[in-house]
> 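Please see the structure below; I have some questions.
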Amino acid sequence: MWKALQALIPFMALMALNACLVMSMANAQTYYLGVLAPQGETVAQERWQPWLNQLNEQLQEDTVVLVPLALENWQQEIEAQQFALVLGPQVQLIKMNTTHWRWLATLQADTAPAKLTEPADINGKNFNEKGFSKTADKQFSATVSLANEFNKLSQGSPLKEPSAMEEVASALWVKADSGIYQLQDLQQRKIAAVDAEAFGGYLLVAHLLQQNGVPSNRYQTQFVGYPIERTLHALASGSVDAAIAPLCLMEEMARQGKVSEKQYRLIHPVATASSCQSSTPIYPNWTLAATEQAPNALVRQINQNLFGTSQSEQALLGIGQRWLPAESSSNAERILYDMNRHPAQKQLGAHMVEWVKAHRLWMAVIVLIILISTVNYAWMSWLAWRRRKKITLQNRLIRDYDQQLRQSERFAVIGEMSGSIAHEINQPLATIQNYAQGLLIRSQNSQSSQEWTGLDNNSVNSLHAVEKSLTDKQATETALQQIVNETERVAAVISNIRRWAGRSQPDEVRVDIATTYEQCILLLGEKASAMSFWLVSDYPSLQLPNLVLDQLLMNSMVNAEQQGATQIMLRCQAEDYNGKSYIVLHMTDDAGGFDEAQLLDHKQLTGNKQLVESKSQQRLPNHYATKSTKANGLGLGLMICQRLGKSLGGMMRLSNIEVQHELNCIQALDGYQQRFKRNLNGKVRLMNTESTYPLANTIGAQVSFYLPLHLADEAQK
C-alpha cells in the first residue's frame, strides 16, 4: 500500500500543477500599449518591441501588446479608453485629459549624459502656486539618484549614433547656398513642417520665430504630414525655402545616406547636451503613463522592470532605452500657452458658457424677462402700427371728403354762375339774332323787287349795276346767314349750360357722328392745320340733345391741341363695362398722356368702413380715372364733359395709352385719316389722306365717354 501511495504522489503533483496553470491562465489579462508612431508602424515596432518583449517576460501573468498610432488619430484612440499604457512625447500627452493617469517614467537618450530632473507629481505637472517657474528645480530625489547609479554602470561603453526619436527639439534647415542667414530673413518665405500640432516638428520653431518678431502671418507654412522625413525631402526638391525637422533627423538621414549634410545649413544654432545640431532647447522626452485601465499590480511590475534592470542586462537583451522618473512638463506647457495651444486655455465663448452654466437660474430669469419684454414690445408696436394705419386712413378719408365738398361747392358756384351768365348772354344774343334775321328778310325782299325792275330796264349799264348789286347782296346775305347760324349755335350751347345747371330739360335730336366730328375740326381753324385726324365708327349717328356731342368732342380736342398733339383719333364702338353695354367714344391724342401720379382709382367712395378695409380706395395709379389730372381739379371743358356724360346716364374715363396700339386698332377697323387743307380762294376743307405722319409721343391721353347703348339704337329707328 505504501508503494501504491508513492506511485500516486507524482500523479497528484502533476494534477496540482495543471490546476495551478489553469488558474493562472484564467487570471491572465492582455493590456494594450498605445505608442505614437511618427515614422510609421514599422519603425515603431523595431524601436519599442524589444523592450516590450523583455517587459512581457518579467510579467507574471499579464501580456502587454504594442499598438502603433498615427498623430492624426492619436488623441481619439487614447480617449476611447482602450489602452492601459500610453507612450508618447510629453507635449502630446498634455493635450489630453490625464486627471487620473499615473506617470511612470521619461525616456533618456543615449547620446546625452544622464540629466538630473525633478520628480513629477502624480499628474506629471510641477506648478507652483504662482504659476510656471522660470527655471526648473534641480533637486534630486533618492529615486533619481538610484537611477543615475544604474546608468553609470555602462559609462565606459561607447554611445550609439543619435536618433530622431530620442530627444524633443527642433532644427531649422536651409540649403547651404541659400540667402537666409537669420530668422528675420524668413519673412515672406515658404517653410515646410510636419503638422500644425507637432511639438518638435512645428510648434517649437513657430514659438522661436514669434519671439524674434516673425509671427506666423509673415511666412507661409506648408504641412507635409508624416513621416517626418518629408520636410527635408521638400527642402531638397526646392519646393520650400526652409524646413523644420525634429532633433537629430538630419544626422540620422545623413548616416543612412539619404541626404548630404554638407548641402544644408542650420539657422539659429543653440548649444545643447545632445551631439545633434538644434535651433531650440531640448524638452522632456517620451513619457510612459498608465491610464485608469491599468491595475496597480501591473503598474508595480512595470516600475520594477524600468528601474530594476541594469544597463548591462539591457545591453545583453538588445534594449537601448534608459528610463528616468517622469520629468516636469512646465517648460513645454509654457510654450503651448504662448502659442495659444494649451488645452487649459479657453476662448471667451467657452468662459461665457461656463459662467452661464454656473448662474443658470439667474440667466433663466433674465432671459424670461427679456422674452416677456420683447413680446410686450412687439405687441404694443403692432397695436400702435394698426392704430396709426387706422388714423392715417381716417385722415385720408377726411381729406377726400373735404376735397369732394370743396369740389361740390365749386360745382354749385360754377352752376349758378353759368346759369346767370347764360341768362345775361341770352338777351343780347336774341337781339342780335332778331336784327340779323330782319336784315336778311329785308335784303331778300329788296332782291326780289330789284329783279322785277331789272326786267323792265333794257339798258346794258343798268344790267351790270343790277348784277353787281346782286353779288353784294348775296355776300351780305351769306354773312347774315352765318351770323344767324352761329347765334343759334351759341343759343344751343347756352341752353345746354342752363340744362347742365339744372334749369331745363334736354331736347334730343339725331346727331351724325362723322359730320359733327368734321365741324369740330373746322372750328379749330388754323390750330388744326398741322394735325391729322382719324375716325372710325360702328354707328353713323346717336340720339342726343342738341350740340351735346359737339361739346364732348370739341372740349376733348381743344384739350389735346393745348397739350401739343399732332394726331387726334376718334373711335366709336360698343363695349361692355362692369357687366353693362355702352356705346363708347374714345378720343385719343399723342401729346404724352396725363400725369400718372394724379390719376386716381376709378372706384367710388362708399363709406368709412369700405375705405378703411379696402386698398382699392387708396390713391394709387390706375388704368382709368374719373377725377382730376390737374392740381386744382378738371379743366372747365372736361368738367362740363363729365357732367354732360352723367346727365346722359353715362360716365367719363381718363387714361394713358400707347398711341401706336390705338392707331393700329383704328386702321384694322378701316378707319380713315383727314387733314386740314386750304384752297386757292382761301376756303378751308377736310380731305382724306393715306400719308404717314410721325407720332409726337409713344404715350398719349385717352378721354373715353361711356354712353348708354339705347342712344345709338334710337338713332337707327
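Note that the coordinates shown come from a computational prediction; the quantities given were computed from them, not determined experimentally.
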> Counting only N and O atoms by type, is there a donor-acceptor contact under 3.5 Å from the side chain of R218 to the main-chain atoms of Q188?
no
> Take the angle between the ring planes of H586 and Y706 and call it parallel below 30°, perpendicular above 60°, tilted in between.
perpendicular
> Is there side-chain contact between S532 and T689, with heavy atoms separated by less than 4.5 Å?
no
> Walk me through it: do N697 and V659 pass the test side-chain contact (heavy atoms from CB on, under 4.5 Å)?
CA-CA 8 Å; N697 296 280; V659 183; 5.8 Å; no
> Are N559 and Q563 close enough that a side-chain donor and a side-chain acceptor fall under 3.5 Å?
no
> Let me confirm one number: the CD1-CD1 distance from I398 to I391, rounded to the nearest 0.5 Å.
10.5 Å
> Would you name the heavy atoms of D576 and S581 that are closest together and state the gap between them?
OD1-OG, 2.8 Å
> So, for P694 and T566, which heavy atoms are closest and what is the spacing to 0.1 Å?
O-OG1, 4.0 Å
> Check whether any side-chain heavy atom of W534 sits under 4.5 Å from a side-chain heavy atom of Q673, and report yes or no.
yes
> Could you go through residues 372-385 and list every donor-acceptor pair under 3.5 Å that involves a side-chain atom there, pairing it with any protein atom two or more places apart or in another chain?
{"residue": "S373", "atom": "OG", "partner": "I369", "partner atom": "O", "Å": "2.8"}
{"residue": "T374", "atom": "OG1", "partner": "I370", "partner atom": "O", "Å": "2.7"}
{"residue": "S381", "atom": "OG", "partner": "Y377", "partner atom": "O", "Å": "2.7"}

> Report yes if some heavy atom in the side chain of V511 is under 4.5 Å from a heavy atom in the side chain of S541; otherwise report no.
no
> Quick one: pull up CD in Q702 and CE in M569 and give me the separation to the nearest 0.5 Å.
9.0 Å
> With side-chain contact (heavy atoms from CB on, under 4.5 Å) as the test, pick out the partner of D590 among L695, I699, I568.
L695
> Within the structure provided, determine whether S556 and F705 are in side-chain contact (heavy-atom separation under 4.5 Å).
yes
> Does E518 CD have over 12 foreign heavy atoms under 6.0 Å away?
yes
> Just by distance, do the side chain of D512 and the backbone of A514 share a donor-acceptor pair under 3.5 Å?
yes
> Which is it for F533 and L524 under the side-chain contact (heavy atoms from CB on, under 4.5 Å) test, yes or no, and what are the steps along the way?
CA-CA 12 Å; F533 300 90; L524 288 176; 4.1 Å; yes
> Taking atom NZ of K390 and atom OG1 of T392, what is their separation to the nearest 0.5 Å?
12.5 Å
> Let's go through R571 and T588 carefully: what are the C-alpha distance in whole Å and the side-chain angles of both, what is the deciding distance for side-chain contact (heavy atoms from CB on, under 4.5 Å) to 0.1 Å, and is it a yes or a no?
CA-CA 8 Å; R571 176 166 56 91; T588 309; 6.0 Å; no
> Determine whether I583 and C572 satisfy the following criterion, side-chain contact (heavy atoms from CB on, under 4.5 Å), listing intermediate values before the conclusion.
CA-CA 7 Å; I583 179 72; C572 180; 3.6 Å; yes
> Kindly compute the distance separating CG (L544) from CD (Q551), expressed to the nearest 0.5 Å.
11.0 Å
> Compare all side-chain heavy atoms of M557 with those of K527 and state whether any distance is below 4.5 angstrom.
no
> Give the minimum heavy-atom separation between Y517 and L570, together with the two atoms involved.
CD1-CD2, 3.7 Å
> Would you find more than 12 non-hydrogen atoms of other residues, nucleotides or ligands less than 6.0 Å from D670 atom CG?
no
> Are the side chains of L585 and Y539 in contact, using a 4.5 Å heavy-atom criterion?
no
